[in-house]
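Below you'll find the structure, written out as structure tokens, and then a few comments.
Counting begins at 1 with the first residue of the sequence. The analysis underlying the following values was restricted to heavy atoms, covering all of them including side chains, and did not include hydrogens, waters or symmetry mates.
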Amino acid sequence: ASYGPNWHIPAGNYEIGISGESMPEELEVSVYSGEGAVFYEHSTIQRDSENIRISVSFTKEITDLGIALNNHSDRDVLIKSIELRYTGDPAQQTDG
């Protein structure tokens, strides 16, 4: 397993982008805080062998947000970057 950086973030909606090489479907992405005490539900926006983008919302400030990648395949995976981008306030709902 690989564990990403820990971020201190305000409440809000976020997109997490992971780029790499040879990322299989068996690569599990977990979003957590409290050293794994709390896990957050997320939605997949895009996924292929070089990019994974997920969206996640937090209703309160998170002081130690982490990303874990667990490779359940027998292939080696190269992770190039993990990025976190704020996409809006969770209190602002859009009808799209």
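Atoms CZ and CE, on R47 and M23 in that order, are 7.5 Å from each other to the nearest 0.5 Å. Atom CD1 of I52 sits about 12.0 Å away from atom CD1 of I45, to the nearest 0.5 Å. Distance check: W7 CH2 to I62 CD1 gives 13.0 Å after rounding to the nearest 0.5 Å. Summarising the geometry, atom CD1 belonging to I67 is positioned 5.5 Å from atom CD1 belonging to I54; distances are rounded to the nearest 0.5 Å. Taken to the nearest 0.5 Å, the CD1 atom of I82 stands 9.0 Å off from the OG atom of S19.
Under the 30°/60° scheme for interplanar angles, the aromatic rings of F39 and Y32 are found to be tilted.
L65 places none of its side-chain heavy atoms less than 4.5 Å from the side chain of Y14. Between D89 and N13, the closest side-chain pair of non-hydrogen atoms is not below 4.5 Å. No side-chain heavy atom of N70 sits under 4.5 Å from any side-chain heavy atom of L27.
With sequence neighbours excluded, the residues that form a side-chain contact (heavy atoms from CB on, under 4.5 Å) with E26 are P24, H72, S73. With sequence neighbours left out, the salt bridge (Lys or Arg N to Asp or Glu O under 4.0 Å) criterion links R75 to no other residue. When the side-chain hydrogen bond (donor to acceptor under 3.5 Å, both in side chains) test is applied to E21, the partners found at least two apart in sequence or on another chain are K80. D48 pairs by the side-chain hydrogen bond (donor to acceptor under 3.5 Å, both in side chains) definition with Q46, not counting sequence neighbours. Applying the salt bridge (Lys or Arg N to Asp or Glu O under 4.0 Å) criterion to E83, with sequence neighbours excluded, gives no partner residue.
In summary, the side chains of Y40 and S33 do present a donor paired with an acceptor at a separation below 3.5 Å, with no hydrogens or angles considered.
Note on residues 52-72: pairs passing salt bridge (charged side-chain N to carboxylate O under 4.0 Å, His left out), not counting sequence neighbours, are E15-R53.
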